[in-house]
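What's counted below: heavy atoms across the whole structure, side chains too, no hydrogens, waters or symmetry copies. The sequence lines fix the lettering, A, B, ..., with proteins before strands; numbering per chain opens at 1.
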2 protein chains.
Amino acid sequence: MGFNAKEYLESVSIDCVVFGFHNNQLKVLLLKMKYTQEWSLPGGFVKLSETVEDAATRILRERTSLTDIFLKQFRVFSDPERSKMNPALKDLIELGDQPDLDWFAKRFISVGLYALVDFTKVIAVPDNFSDYAGWKNLDEIGNLMLDHSLIVQKALNTLRLQISYQPIGYNLLPEKFTMPELQALYETLLGKTLDRRNFQRKILSFDILNKLPETKKGGAHKAPFLYEFNLENYKKALENGLTGGW
Amino acid sequence: MGFNAKEYLESVSIDCVVFGFHNNQLKVLLLKMKYTQEWSLPGGFVKLSETVEDAATRILRERTSLTDIFLKQFRVFSDPERSKMNPALKDLIELGDQPDLDWFAKRFISVGLYALVDFTKVIAVPDNFSDYAGWKNLDEIGNLMLDHSLIVQKALNTLRLQISYQPIGYNLLPEKFTMPELQALYETLLGKTLDRRNFQRKILSFDILNKLPETKKGGAHKAPFLYEFNLENYKKALENGLTGGW
DNA sequence: ACAAAAGTGTTGTAAATACACCCATGC
DNA sequence: GCATGGGTGTATTTACAACACTTTTGT
């Protein structure tokens, strides 16, 4: 667990915006910093043998206990002022309980990646700098550490753009889900309501869903059918892109 | 002109894919390396006081003599092997005519940015490592130095995606241009031919063009009207996105 | 006057939208 | 049995694609 600066690429950090979907709400995984009590994104550094994606996969495996995480870099954050006035770093330096302090005090640029995960499968684990890890609703995220609020905002923007030419939902929903759940995801990301019937027709026309014979019982009303993604066609759609927008 | 490694962010380089459009062909600005004679992308390093975009602007000002360049980061290239076996570096090290050689020999991740410029306004200038700078047609780019071929490919991909939800052409065409020229740009980027009449109707429906009273004379046939971008609406379209794809 | 390229118009088809009606379930 | 939400169907409107004809210019 010891941190050895020599194993890592200098000047480069990564920050991950982990999105989950639960109770028809989009959530982000956040860490609560030990000394400052600020909320921050899970992140870390890149080992000399890793790509940025490798590093993010490793870090998120530790934070979520998930292997096989869907992630995508979306932006580099390189404002020279972005890590100035970092209270957490100040505290660390004062406390002096970390080696390689000058390494941390240097300027970093950060590669932003977003990850889409199945909310129900995540076991959130804090890192060395935090004492709590958990989900927050998108609209309940207040001010985050450093420029992390900006990073979340840009990640969300990217996701919203991607939804119009790529299928989405795999990685974000459980294996089996209902049409209303999928629609709620789209509505959350797009920030607007969609017509139930037209949504169904359109999403089915993409041919990326398998309708299952089962229905989801236990709801207060008529039991909706369950669907799963047709992975083969889903991947094809990812490559070729979808036609129209929403 | 002297290079002082201490002024720069460690481990981070940038590579710029500069696109220009001329004679109905998409072109990329390339440098020919001094010793190896390999072709490479213009690039460089990030000063401690700069953002990635600042650095790219500075570097491209030197390479193109343009100020005010439209550019956008599109990807980080972080394969640990990407700068191994660099013949150029080997030669440099053998020649020993550069200070800070171990700095260069370290592993770098590179931020890829693409730039769109007006071909006719560029005065290409080589850098310290190259003895020639000039344009190459997209289909005439052979193997480039390091992973630069991959970088060009990814930049092009990004551009192709963006064209379907954003207006394009400003920064890439002269102030005044004809409809066939604009169409040729779209056809090049999309890699397919479009119907002249449908193209005109669609692009006009975006309301981002001003039709000028002048025509472009000198062609062998009927003189086409000149257009210019309506900057106000163009910017609106950039923010709001366009509706359909191509 | 002819060829080549640009301007303008029409029409059929497919997709997006806006609805209405029926069905299952829990209270 | 009634309120709620889900499943399915159908017109209308709009956008897209395919195509024809006329106009202008240089040779």
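- B/Glu214 places its CD atom 17 Å from the P atom of C/dA6, with the value rounded to the nearest Å.
- Spacing between atom CD of B/Glu181 and atom P of C/dG7 amounts to 11 Å, rounded to whole angstrom units.
- Remark: P of D/dG6 and CZ of A/Phe177 are 15 Å apart, rounded to the nearest angstrom.
- Put simply, NZ on A/Lys216 is 11 Å from P on D/dG6, counting in whole angstrom units.
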Q | Per-nucleotide protein contact string for nucleotides 19-26 of chain D, where B marks a base within reach and S marks sugar-phosphate only (heavy atoms under 4.0 Å, - for neither) | A | BB--BBBS

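- Among residue pairs with one or both ends in residues 216-229 of chain A, those qualifying as salt bridge (Lys or Arg N to Asp or Glu O under 4.0 Å) are A/Glu181-A/Lys216; sequence neighbours excluded.
- Evaluation of the side chain to side chain contact (heavy atoms under 4.5 Å, CB included) rule for B/Glu175 yields B/Lys121 as partners, not counting sequence neighbours.
- Taking 4.0 angstrom as the limit, B/Lys202 places a side-chain polar atom (N or O) nearer than this to OP1 or OP2 of D/dC16.
- As a whole-Å value, the separation of B/Phe199 CZ from C/dT8 P is 15 Å.
- Note: CD1 (B/Ile203) to P (D/dA15) measures 16 Å, nearest angstrom.
- At the phosphate of C/dG7, OP1 or OP2 sits under 4.0 Å from a side-chain N or O atom of B/Gln200.
- For the side chain to side chain contact (heavy atoms under 4.5 Å, CB included) test, residues two or more places apart in sequence or in another chain that qualify with B/Ser130 are B/Leu31, B/Pro126, B/Asp127.
- With A/Trp135 as the partner, the side-chain contact (heavy atoms from CB on, under 4.5 Å) test is satisfied by one option alone out of A/Val28, A/Leu30, A/Val122: A/Val122.
- The distance from atom NZ of B/Lys192 to atom P of D/dC16 is 12 Å, rounded to the nearest whole Å.
- The side chain to side chain contact (heavy atoms under 4.5 Å, CB included) test applied to A/Asn137 returns A/Gln25, A/Lys27, A/Asp139, A/Glu140, not counting sequence neighbours.
- At a threshold of 4.0 angstrom between heavy atoms, the contacts of A/Lys211 are confined to the sugar-phosphate backbone, with no base atom among them.
- Atom CG in B/Leu194 sits about 14 Å away from atom P in C/dA6, given to the nearest Å.
- Annotation: side chain to side chain contact (heavy atoms under 4.5 Å, CB included) contacts of A/Gln200 (sequence neighbours excluded): A/Met179, A/Leu204, A/Tyr227.
- Ring pair A/Phe229/A/Phe177: centre-to-centre distance below 6.0 Å.
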